[in-house]
Amino acid sequence: MLMVQYLVIGAGEVDLFTDPHENTTETLLQLLRAAVSPEPEADGSVLFGHLRGTVVGLRYYTGVVNRGEMVGLVRQPQNQHDRNAVMVANIYGNQVGHIKRELAAAMAYVMDNNLAKVEGVVPSGTNNSFTMPVMLSFWGKEEHKATVNEFMARRGFKLNTSGNLHIVLSFQLRNSFDNLFEGLMESKDGEKEAAKAVGTPLLPHQKQALSWMCARENKSGLPPFWEKRGELYYNSLTCFSAKEIPERVRGGILADDMGLGKTLTTIALILTNFHQGKPLPVEKCVSVVEGISGDSSDVMEIMDKPDKSKNRFSSPCFYLVCLSDLNTTVILVLQYTPMNKHQMYKFCAESSIIESAEDLSARTTLIIAPLSVLSNWLDQFEQHVHPDVKLNVYLYYGSARNRSKKFLSSQDVVITTYNVLSADFSCKSKSPLHGIDWLRIVLDEGHIIRNPNAQTSKAVLDLKAQRRWILSGTPIQNSVKDLWMLLAFLRLKPFDVREWWNRVIQRPVTLGDRAGVQNLQTLVKCITLRRTKTSEVNGRPLVFLPEKTVCVEQVELSRTEREEYELARNEGRNTIRRYVAEGTVLRNYADVLAILMRLRQHCCHPDLLAKTLSELGAGATPAELRERLIEKLRLVLASGSDEECSVCLDSVQLPVITHCAHVYCRPCIAQVISTEQVHDTARCPLCRSEIKTSELVEFPQEEVEEENTPNSEKWRTSSKVQALMGNLLRLRCEDSSIKCLVVSQFTRFLTILENPLREHGFTFVRLDGTMSQKKRTRVIQEFQSTAADSPAIMLLSLKAGGVGLNLTAASHVFLMDPAWNPATEEQCIDRCHRLGQKRKVVVTKFIVKDSVEEKMVEIQRGKQDLVEKAFGSTNSDRKTSRIDDIKALMEL
DNA sequence: ACCGCCGGGTGCC
DNA sequence: ACCGCCGGGTGCC
């Protein structure tokens with residue numbers, strides 16, 4: 001019940017109590033179910049046609065709509081008068097009326113059976129006080145089109161399939177076009193000085209970001225696409241209007257490239273912008289001499305006059321002090337806290353005395369970050385908060401974490417991880433994080449929540465806060481879809497409800513509508529600040545980064561290696577050729593990946609192959625089948641292909657493999673199965689084989705990658721290893737202080753590389769995904785150390801650690817094998833080519849000549865082009881492009 | 001007149 | 001609702 005109430009608030013500023021006739025809770029639950037459930041995606045839907053219908057009963061409800069406004073159609077199966085009822089609501093969820101009975105009966109069948117989704121636009125608005133027309137458009141899967149149109153026609157409602165609805169739509173879009181620049185009026189150019197409590201001077205672009213962030217938190221302009229029309233506020237995209245000023249998003253997305261100081265800027269924001277633009281009152285640790293010149297007339301004693309004959313500060317006492325510091329005169333209450341030998345005083349700024357109780361209720365900023373960057377946050381607070389300032393930062397992590405709401409909300413900053421938050425959320429009533437009204441929430445690497453089905457995302461969405469920020473170097477990774485969750489988190493109305501997002505942004509964009517793309521851009525620009533490493537302020541680059549050169553070093557295979565490679569290639573090519581001819585490439589995707597994988601391993605080192613070749617025969621028993629599937633799952637995940645789940649189009653989380661060997665996130669495929677099962681047997685979204693929940697195979701928990709360390713007696717080299725060692729030895733001669741990253745997707749290759757490194761007396765450390773957080777931090781510290789005996793080389797698994805890792809001690813990067821996704825490589829390079837790098841960065845990519853690796857590089861290039869075009873690639877595009885990729889890789 | 005016509009009452013689902 | 005529909009009152013022109 002708690003959840004229901006909260007969601008109601010989340011869906012829009014709905015007044016629960018104005019109209020007793022409205023069954024608001026039920027209505028909104030349905031809207032929200034539509035928003036959260038994996039309804040047939042807008043981008044997969046086709047228009048069946050449209051129909052002019054009638055909305056009746058207007059006089060019974062308070063919801064008002066304008067000419068051209070979009071309305072929501074919600075089934076009301078519980079309606080006492082008619083179980084076919086379809087209610088009409090505006091964007092805030094206020095009921096406008098009902099669909100006329102006969103039409104509602106027909107629509108109810110179509111809607112309840114998920115044959116189509118119906119959307120409405122009211123061409124005339126509520127002129128008439130009794131009824132009004134509504135333009136209904138039916139959307140759904142192609143295969144349901146005929147069924148729906150026939151059914152509706154039989155009931156006497158013939159869908160019009162020639163397009164006059166587009167007139168309505170384009171009218172709306174042109175309408176919004178006029179206001180395109182309104183949201184951009186807010187200048188991003190101003191600079192703001194940070195509060196004194198920030199110990200590190202900000203760079204100009206960081207002051208700019210601070211200024212922008214403060215403005216976003218404090219100013220109360222209208223959100224994008226809203227304008228004032230007389231007494232009302234009007235949304236030009238949905239044509240919705242409201243009496244109350246639409247709540248502005250207090251926060252946004254800081255999407256600067258990594259290395260530009262998002263963390264520092266955020267710390268500055270926390271210290272600089274408390275309530276009403278005033279700095280956060282913080283405890284100051286000052287010595288007696290500095291803090292108060294005892295005779296100063298500025299100091300007014302207000303309590304318990306200290307006995308001057310004794311130690312002046314022997315007992316707790318309070319002073320009222322006026323200081324002309326911090327640009328403004330501030331009255332401070334000083335409290336002596338006797339436990340610290342350095343004479344600690346607690347300063348409470350004037351604001352905290354005068355402020356209303358309401359403001360005081362929220363003082364804490366909650367920072368949620370991936371585990372890998374937790375320590376970075378703590379370091380940065382340590383580093384950037386002025387040493388005289390005692391900021392209360394609490395790390396909410398570990399089993400001994402303090403779960404007291406009172407304690408947490410008295411902190412200045414609480415830091416936690418997505419996992420902890422998500423774990424707490426699973427028992428929501430007990431989650432202290434969900435019981436606090438935060439001043440501000442900061443999501444570090446906020447793109448983590450872009451899959452709305454993920455438990456973590458739900459946990460994040462359910463937090464209460466006045467201000468919300470997303471920090472992310474890559475806010476859009478795959479498609480426009482990624483953005484929805486971010487906007488929902490920011491409570492960007494009305495797009496936090498999925499239907500309006502789909503109708504106004506997502507569908508127009510996926511259909512290639514230019515105005516749709518414009519609107520999206522406007523929307524994003526309004527709430528996002530993004531600078532890249534190459535951006536400039538006043539004609540100067542933001543940061544001075546040393547030059548970076550990337551060179552490809554071709555590796556020639558030895559004769560034996562070449563022979564083995566060609567053998568494997570021909571065999572694989574025949575298999576894939578057969579799949580292509582049969583049209584079963586996707587059905588045999590795991591096999592295809594296995595073939596490619598083997599070729600890629602051949603290019604690196606023959607010993608990589610040993611294990612994966614142990615293909616079991618045609619296993620007949622379920623146990624054997626399971627074993628093989630686990631093996632394939634391992635293969636798919638280890639292949640570094642950045643496998644994405646075809647349901648959420650995101651990289652797989654909680655991977656499971658189907659019997660047809662396709663990998664999905666467990667929640668995603670479970671949802672697909674439960675939805676499809678209702679009418680039919682569930683089918684694999686990729687190859688249409690029948691699938692069952694009970695047959696999903698996941699990675700066994702106990703499965704720990706047992707390193708069959710190739711013992712050094714049997715150790716042999718390979719052409720690629722030789723190429724690397726040649727470079728490393730040369731570099732060591734040139735300058736022994738140079739540090740290198742040696743990167744591979746195959747952790748077993750890293751293990752193999754340990755042999756020649758030891759042989760040649762290199763000191764090295766290793767960082768891969770299997771290491772505990774503690775070990776990681778230690779390894780990074782060791783490597784970053786400038787001590788003479790510190791490691792010169794880091795063996796790094798491509799995906800380890802994720803973004804945010806700081807490896808600036810290295811200036812040379814060796815990418816041992818190409819990745820499918822060039823962004824992964826870029827991210828990896830950026831770990832050393834970032835703020836703090838003093839040397840020129842040299843990146844060497846090893847590519848085996850005449851091999852699958854060369855083909856991969858070609859495809860990479862193609863994908864980057866695609867990424868630059870940004871939007872538009874649909875799911876089916878992806879599938880065909882993937883098959884094309886495979887063909888190209890095998891030169892078919 | 002087991003009709004038509006008139007005019008008042010009435011009105012979502 | 002300046003409608004449609006219902007049902008009661010009414011009944012040549």
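In what follows, every chain begins at residue 1, and chains take the letters A, B, ... in the order their sequences are listed. Note that these values count all heavy atoms, side chains included, but never hydrogens, waters or copies made by symmetry. It should be emphasised that the depicted structure is a prediction, and the values quoted were computed from it without experimental measurement.
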Rounded distance in Å - [atom1] ([X]) to [atom2] ([N]):
X: Gln80(A); N: dC12(B); atom1: CD; atom2: P; result: 15 Å
X: Arg75(A); N: dC13(B); atom1: CZ; atom2: P; result: 14 Å
X: Phe130(A); N: dC13(B); atom1: CZ; atom2: P; result: 14 Å
X: Gln95(A); N: dC12(B); atom1: CD; atom2: C1'; result: 9 Å
X: Asp82(A); N: dC13(B); atom1: CG; atom2: P; result: 8 Å
X: Gln78(A); N: dC13(B); atom1: CD; atom2: C1'; result: 14 Å
X: Arg59(A); N: dT10(B); atom1: CZ; atom2: P; result: 12 Å
X: Leu73(A); N: dC12(B); atom1: CG; atom2: P; result: 19 Å

| Pairing partner of dC3(B) (Watson-Crick or G-U wobble, both distances under 3.5 Å) |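 Checking every strand shown, dC3(B) finds its partner in dG11(C), with both distances under 3.5 Å.
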On a whole-Å scale, what distance lies between the [atom1] atoms belonging to [N] and [M]?
N: dA1(B); M: dC6(B); atom1: C1'; result: 15 Å
N: dG11(C); M: dG4(B); atom1: C1'; result: 9 Å
N: dC2(B); M: dC13(C); atom1: C1'; result: 25 Å

Which residues share a side-chain hydrogen bond (donor to acceptor under 3.5 Å, both in side chains) with [X], sequence neighbours left out:
X: Thr658(A); value: none
X: Arg666(A); value: Glu698(A)
X: Asn218(A); value: Asn273(A)
X: Arg250(A); value: none

| request: Go through the N and O atoms of the side chain of Tyr60(A) and the base of dC13(B), and report whether any donor-acceptor pair is under 3.5 Å. | output: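 Per atom types, no contact qualifies.
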| task | Spell out, as yes or no, whether a donor-acceptor pair under 3.5 Å connects the side chain of Thr522(A) to the backbone of Gln518(A). | result |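 Pair found, side chain donor or acceptor close to backbone of Gln518(A).
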| Trp484(A) ring centre to Arg498(A) NZ or CZ under 6.0 Å, with the angle to the axis within 45°? |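 Flagged: Arg498(A) positioned over aromatic ring of Trp484(A).
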| message | Between dC13(B) and His81(A), is there a base-stacking contact, meaning the centre of the base's six-membered ring lies under 5.5 Å from the residue's ring centre while the planes stay under 30° apart? | response |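 Base of dC13(B): stacked against His81(A).
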| Under the side-chain contact (heavy atoms from CB on, under 4.5 Å) test, which residues partner Thr147(A), sequence neighbours left out? |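 Listed in chain order: nothing, the list is empty.
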| query | Going by heavy atoms closer than 4.0 Å, what residues in residues 99-108 of chain A are next to DNA chain B? | reply |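 Correct list: Ile99(A), Lys100(A), Arg101(A).
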